[in-house]
Chemist: 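Below are the structure tokens for one structure; questions will follow.
Indexing begins at 1, ligand by ligand and atom by atom, following the structure's order.
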Amino acid sequence: MFAKIPFLIPLLFPKQLWAVANTDKKIYLSFDDGPIPEITEWVLDLLDFYQIKATFFCIGDNIEKHPEIFRKIIAAQHQIGNHTQHHINGWKTETSKYIEEVLLCTKKIEKHTKASQHLFRPPYGKIKTSQAKVLLKKNYKIVMWTVLSKDYDAKTSPEQCLQNVVKHTRSGSIILFHDSWKASQNLKHALPKAIEYLLKEGYQFELL
Ligand SMILES: [Zn+2]
């Protein structure tokens, strides 16, 4: 997977959101795979310190296991997105089953909050055209990313993870980190430094 999405991919999948067109230094921070204890809370504390809002694409199963942490994300007025009930791979899943997984996750989300818009990010970025079609019809907004920190990747060093973000972020970029144990070492190094750098460069963190 590329740290920066090659320009051709958004042209191939124009109905999915790869960046938000603007030239005035607005950027969009997003976190996938939570909510979980400690790591999600660490992210929330950091965002609170810098007074930054972000979008959390949550796994339904994790919302069920850690409702109190999910409520902390909502209480801090961050944005919530859907990341399926069990983090499934769209390419390996029948369309009807995939839609069921998304709807189930929406149910878990709506137990705690009324989502103003149905943001959805496919796990692994893998979604079939047939699945995307159904979700778009149901008014889901499919959100991909522009800049991948690769925080989850064991072969990516903490410093490389930081560089992935610092080097590739531009106005309109959607930046992807993970509030997961797997990503935590890279995340804890890269996220505070990336935020410091981007603020100094004049970027503003916005919600999708
Ligand atoms: Zn994920």
Chemist: Tell me whether His78 contacts the main-chain N or O of Ile73 through its side chain, where contact means a donor paired with an acceptor under 3.5 Å.
Modeler: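 No.
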Chemist: For the pair Gln131 (side chain) and Thr93 (backbone), establish whether a donor and an acceptor sit closer than 3.5 Å, ignoring hydrogens and angles.
Modeler: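 Present.
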Chemist: Flag the pair Lys200 and Glu196 as a salt bridge only when some basic side-chain nitrogen lies within less than 4.0 angstrom of an acidic carboxylate oxygen.
Modeler: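 A salt bridge is absent here (no side-chain N lies under 4.0 Å from a carboxylate O).
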Chemist: Does Tyr152 have Lys182 sitting over its ring (NZ/CZ under 6.0 Å from centre, angle to axis within 45°)?
Modeler: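 No - Lys182 does not lie over the ring of Tyr152 by the 6.0 Å and 45° rule.
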Chemist: I need the NE2(His87)-the Zn ion (ligand 1)-NE2(His83) angle, rounded to 10 degrees.
Modeler: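 Angle NE2(His87)-the Zn ion (ligand 1)-NE2(His83): 100°, rounded to 10°.
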Chemist: When you measure from the Zn ion (ligand 1) to each N, O or S atom of Asp33, which atom gives the shortest distance?
Modeler: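 The Zn ion (ligand 1) is closest to the Asp33 atom OD1, counting only N, O or S.
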Chemist: At a threshold of 2.8 Å, where the distance has to be below it, does the Zn ion (ligand 1) have an N, O or S atom of His178 nearby?
Modeler: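 No, since none of the N, O or S atoms of His178 sits under 2.8 Å from the Zn ion (ligand 1).
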